[in-house]
A.B. asks: 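Right, I'll just put the structure down here and ask away after.
Scope of the values below: all heavy atoms of this structure, side chains included, with no hydrogens, waters or symmetry mates. As the structure is a computational prediction, the values presented were derived from the model and not from experiment.
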Amino acid sequence: MAKLNVINDFEKLSDLEREQNIIDKEPFRHLKISDAQVLNTIEGREACARCYKSRKFFCYSCYLPVISDEYFPRIKLPIKIDIIKHAREIDGKSTAIHAAILAPEDVRIYTYPDFPEILNKEETVLIFPSQAGMTVDSLCIKEMNQDGKRVAYKIQDTFPIKRAIFIDSTWHQTKAIYKDQRLRDLRCVILKSRISQFWRHQKKSPRWYLATIEAIHQFLVELHTCAFGTVPEYATTNNNEGNCIENSIGQSKNKLPDTDQRYRGQYDDLLYFFKYMYEKIHTVYDHDKLWAYKRPLR
């Protein structure tokens, strides 16, 4: 009887819920993320070179690693990323630091009201779920006059922007920063739907509210794909989770030439610490019992 009840409960799930249950079992299996098991060999904590506070892998106050570079990958991003953090956002709970550690040449974090200098508004966008926002694909669409008519065409083989700004805070704190006039003058970009795997619960927020590092990764994947396309074996799906499908990348009989700039996982290592911490959390807690994963999917 118990087995029958389980079957009936599964049949009551919507297609989206059923699909998400499958994804949740192995949410990173299609991504090219470096093995982080080496982090398990690090014992104890180290003092931050700047603030001298005891930290494990990195100092979330100074945005500096406290371990050697050999323990984590370094990533070069195609554009600059600025993250504006709310002053009341708890440093130790934010995933924004992951981006600053893994891509230090291209990521800067500011605590509001501190603000990045915006020199060219045409080359800068704000990533924010505004109802009036534009998609990443639309960034690559331009218009030109042809025979007296406005004709739309797609820009290819180049990135349409040079800088993106993210707000790092809870949803309620975000509104105060979003209202700042310096941001309101920027084009606002929305991301494709993707279900978050973040283990921290935010009240009254659906699961498609992403952690900051998830949002940065999602945006860069969309941007790169928009500009250069995707190798066939690494196609971004559009089924509400934004995961990528990988079939033996790097093991193909026909190795891709170095000049091939299509997306094949170049930024997946942005989730290096995120995946490691996710797996640590899930060795202690049952996925289905964590409130973060009980949030509505819509």
A.B. asks: When you compare the side chain of Leu183 with that of Lys179, does any pair of heavy atoms fall below 4.5 Å?
C.D. replies: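 Sidechains of Leu183 and Lys179: no contact.
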A.B. asks: Identify the two heavy atoms, one from Ser169 and one from His86, that lie closest to each other, and give their separation to 0.1 Å.
C.D. replies: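 So the two residues come closest at CB-CB, 3.5 Å.
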A.B. asks: Just so I know, are the side chains of Val125 and Leu186 near enough to count as touching, which here means a heavy-atom distance under 4.5 Å?
C.D. replies: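 No; the side chains remain at least 4.5 Å from each other.
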A.B. asks: With side chains defined as the heavy atoms from C-beta onward, is the minimum distance between Leu77 and Val107 less than 4.5 Å?
C.D. replies: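 Side-chain contact under 4.5 Å: yes.
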A.B. asks: What is the distance from atom CD1 of Ile155 to atom SG of Cys226, rounded to the nearest 0.5 Å?
C.D. replies: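 One gets 8.5 Å once the value is rounded to the nearest 0.5 Å.
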A.B. asks: Please tell me if the side chains of Leu126 and Tyr178 come closer than 4.5 Å, counting only heavy atoms from C-beta onward.
C.D. replies: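 Yes, at least one pair of side-chain atoms sits under 4.5 Å.
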A.B. asks: Could you tell me the separation between the CD1 atom of Ile118 and the CG atom of Asp185, rounded to the nearest 0.5 Å?
C.D. replies: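 Reported value, rounded in 0.5 Å steps: 8.5 Å.
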A.B. asks: Kindly write out the residues that satisfy disulfide (SG to SG under 2.5 Å) with Cys62, not counting sequence neighbours, or none if the list is empty.
C.D. replies: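 Result, disulfide (SG to SG under 2.5 Å) vs Cys62: none returned.
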A.B. asks: Taking all atoms of both residues into account, what is the closest heavy-atom pair of Gly44 and Lys56, and its distance?
C.D. replies: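 Of all heavy-atom pairs spanning Gly44 and Lys56, the closest is O-NZ, 3.1 Å.
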A.B. asks: Quick check: closest heavy atoms across Ile81 and Ile216, and the distance to 0.1 Å?
C.D. replies: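 Nearest heavy atoms, Ile81 then Ile216: CG2-CD1, 4.2 Å.
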A.B. asks: Within the 3.5 Å criterion, strictly below it, is a donor on Asp268 or Tyr263 matched to an acceptor on the partner's side chain?
C.D. replies: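 Yes, because at least one side-chain N or O of Asp268 sits under 3.5 Å from a partner of the opposite role on Tyr263.
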A.B. asks: Check the pair Arg264 / Asp260 against side-chain contact (heavy atoms from CB on, under 4.5 Å), numbers first and verdict last.
C.D. replies: CA-CA 10 Å; Arg264 54 182 181 274; Asp260 192 320; 4.2 Å; yes
A.B. asks: Looking at every non-hydrogen atom in both residues, tell me the closest pair between Arg55 and Val66 and how far apart they are.
C.D. replies: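 Heavy atoms of Arg55 and Val66 come nearest at O-CG2, 4.0 Å.
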A.B. asks: Without swapping roles, check the side chain of Thr225 against the backbone of Val221 for a donor-acceptor pair under 3.5 Å.
C.D. replies: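 Pair found, side chain donor or acceptor close to backbone of Val221.
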A.B. asks: At their closest point, which heavy atom of Ala87 faces which heavy atom of Thr111, and how far apart are they?
C.D. replies: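 Scanning both residues completely, I find the closest heavy atoms to be CA-CG2, 3.8 Å.
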A.B. asks: When the ring planes of Tyr278 and Phe274 are compared, do they come out parallel, tilted or perpendicular, using 30° and 60° as the limits?
C.D. replies: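 If you compare the ring of Tyr278 with that of Phe274, the planes turn out parallel.
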A.B. asks: Could you check whether any side-chain heavy atom of Phe159 comes within less than 4.5 Å of a side-chain heavy atom of Leu139, counting everything from C-beta outward?
C.D. replies: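 No, their side chains stay 4.5 Å or more apart.
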A.B. asks: Does a side chain donor of either His217 or Arg194 reach within less than 3.5 Å of an acceptor in the other side chain?
C.D. replies: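 Looking only at side-chain atoms, Arg194 and His217 do form a donor-acceptor pair, the distance falling under 3.5 Å.
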A.B. asks: Is it true that the side chains of His98 and Tyr272 contain a donor and an acceptor less than 3.5 Å apart?
C.D. replies: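 No pair is found: no donor N or O on one side chain lies under 3.5 Å from an acceptor on the other.
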A.B. asks: side-chain contact (heavy atoms from CB on, under 4.5 Å), that's the test. Do Phe115 and Asp180 meet it? Break it down for me.
C.D. replies: CA-CA 10 Å; Phe115 221 83; Asp180 192 295; 4.2 Å; yes
A.B. asks: Measuring from atom CG of Leu223 to atom SG of Cys140, what distance do you get when rounded to the nearest 0.5 angstrom?
C.D. replies: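 Leu223 atom CG to Cys140 atom SG measures 6.5 Å (nearest 0.5 Å).
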A.B. asks: Can you tell me if CD on Glu43 sees more than 12 non-hydrogen neighbours from other groups inside 6.0 Å?
C.D. replies: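 Check fails, neighbour count at 12 or below.
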A.B. asks: Anything under 30° is parallel, anything over 60° is perpendicular, the rest tilted; go ahead and classify Tyr276 against Phe57.
C.D. replies: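 It falls in the perpendicular class, over 60°.
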A.B. asks: Which distance, rounded to the nearest 0.5 Å, do you find between the NZ of Lys80 and the CD1 of Ile165?
C.D. replies: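 With rounding to 0.5 Å, NZ (Lys80) is 14.0 Å from CD1 (Ile165).
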A.B. asks: Would you say Gln266's side chain and Arg262's backbone share a donor-acceptor pair under 3.5 angstrom?
C.D. replies: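 Yes.
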A.B. asks: Are any non-hydrogen side-chain atoms of Glu222 and Leu191 less than 4.5 angstrom apart?
C.D. replies: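 Contact flag for Glu222/Leu191 side chains = yes.
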A.B. asks: Atom CD of residue position Glu70 - does it have more than 12 heavy atoms of other residues, nucleotides or ligands inside 6.0 Å?
C.D. replies: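 More than 12 within 6.0 Å, yes.
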A.B. asks: For the CD1 atom of Ile97 and the OG1 atom of Thr95, what is their distance to the nearest 0.5 Å?
C.D. replies: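 With rounding to 0.5 Å, CD1 (Ile97) is 10.0 Å from OG1 (Thr95).
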A.B. asks: Any salt bridge between Lys76 and Glu105, counting N to O under 4.0 Å?
C.D. replies: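 A salt bridge is present here (some side-chain N lies under 4.0 Å from a carboxylate O).
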A.B. asks: Rounded at 0.5 Å granularity, tell me how far CD1 in Ile79 sits from CZ in Arg163.
C.D. replies: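 So the gap between those two atoms works out to 9.0 Å.
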A.B. asks: Spell out, yes or no, whether Leu270 and Leu64 are grouped together once hydrophobic residues are joined by side-chain heavy atoms under 4.5 Å, including indirect joins.
C.D. replies: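 The answer is no; the residues belong to distinct hydrophobic clusters.
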A.B. asks: Using the rule that two of Ile, Leu, Val, Met, Phe, Trp, Tyr join whenever any of their side-chain heavy atoms come within less than 4.5 Å, decide whether Met134 and Ile190 are in one cluster.
C.D. replies: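 Hydrophobic grouping puts Met134 apart from Ile190.
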A.B. asks: If hydrophobic clusters are built from ILVMFWY residues whose side chains come within less than 4.5 Å, do Val38 and Ile75 share one?
C.D. replies: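 Val38 and Ile75: one cluster.
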A.B. asks: For Ile67 and Leu39, which heavy atoms make the closest approach, and how far apart are they?
C.D. replies: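 In this case the closest contact between Ile67 and Leu39 is CD1-CD2, 4.0 Å.
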A.B. asks: Where the side chain of His224 meets the backbone of Gln261, is there a donor-acceptor pair that is under 3.5 Å apart?
C.D. replies: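 Yes.
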A.B. asks: Give a yes or no answer on whether the side chain of Gln156 reaches the backbone of Lys154 with a donor-acceptor pair at less than 3.5 Å.
C.D. replies: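 No, the answer is negative, given that no donor and acceptor are paired below the 3.5 Å cut-off.
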A.B. asks: With a 3.5 Å distance limit and no angle check, can you tell me whether Arg187 reaches the backbone of Glu122 through a side-chain donor-acceptor pair?
C.D. replies: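 A pair under 3.5 Å: yes.
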A.B. asks: Does a side-chain heavy-atom distance below 4.5 Å link Cys48 with Ser61?
C.D. replies: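 Answer no - side chains too far apart.
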A.B. asks: Show, in sequence, the C-alpha distance, side-chain angles and deciding distance for Tyr110 and Ile83, and conclude whether the side-chain contact (heavy atoms from CB on, under 4.5 Å) test is met.
C.D. replies: CA-CA 6 Å; Tyr110 301 82; Ile83 302 169; over 6 Å; no
A.B. asks: Report yes or no: does Thr283 contribute a side-chain atom to a donor-acceptor pair with the main-chain N or O of Lys280 at less than 3.5 Å?
C.D. replies: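 Answer holds: yes.
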A.B. asks: Phe58 pairs by ring-ring contact (aromatic ring centres under 6.0 Å, His included) with which of Phe273, Tyr63, Phe72, Tyr71?
C.D. replies: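 One option only clears the test, and that one is Phe273.
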A.B. asks: Would you say the side chains of Gln218 and Glu214 form a donor-acceptor pair under 3.5 Å?
C.D. replies: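 Per modelled atom types, Gln218 and Glu214 side chains form no pair under 3.5 Å.
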A.B. asks: Please check if the number of heavy atoms outside Glu46 that lie under 6.0 Å from its CD is greater than 12.
C.D. replies: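 Open: at most 12 neighbouring heavy atoms sit under 6.0 Å from CD of Glu46.
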A.B. asks: Do the side-chain sulfurs (SG) of Cys59 and Cys51 come closer than 2.5 Å?
C.D. replies: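 Unbridged: Cys59 and Cys51.
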A.B. asks: Would you mind reporting whether Leu210 and Ile195 have side-chain heavy atoms less than 4.5 Å apart?
C.D. replies: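 Side chain of Ile195 against side chain of Leu210, heavy atoms only: no contact under 4.5 Å found.
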A.B. asks: Is a salt bridge present between Arg108 and Asp82, judged by a nitrogen-to-oxygen distance below 4.0 Å?
C.D. replies: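 A salt bridge is absent here (no side-chain N lies under 4.0 Å from a carboxylate O).
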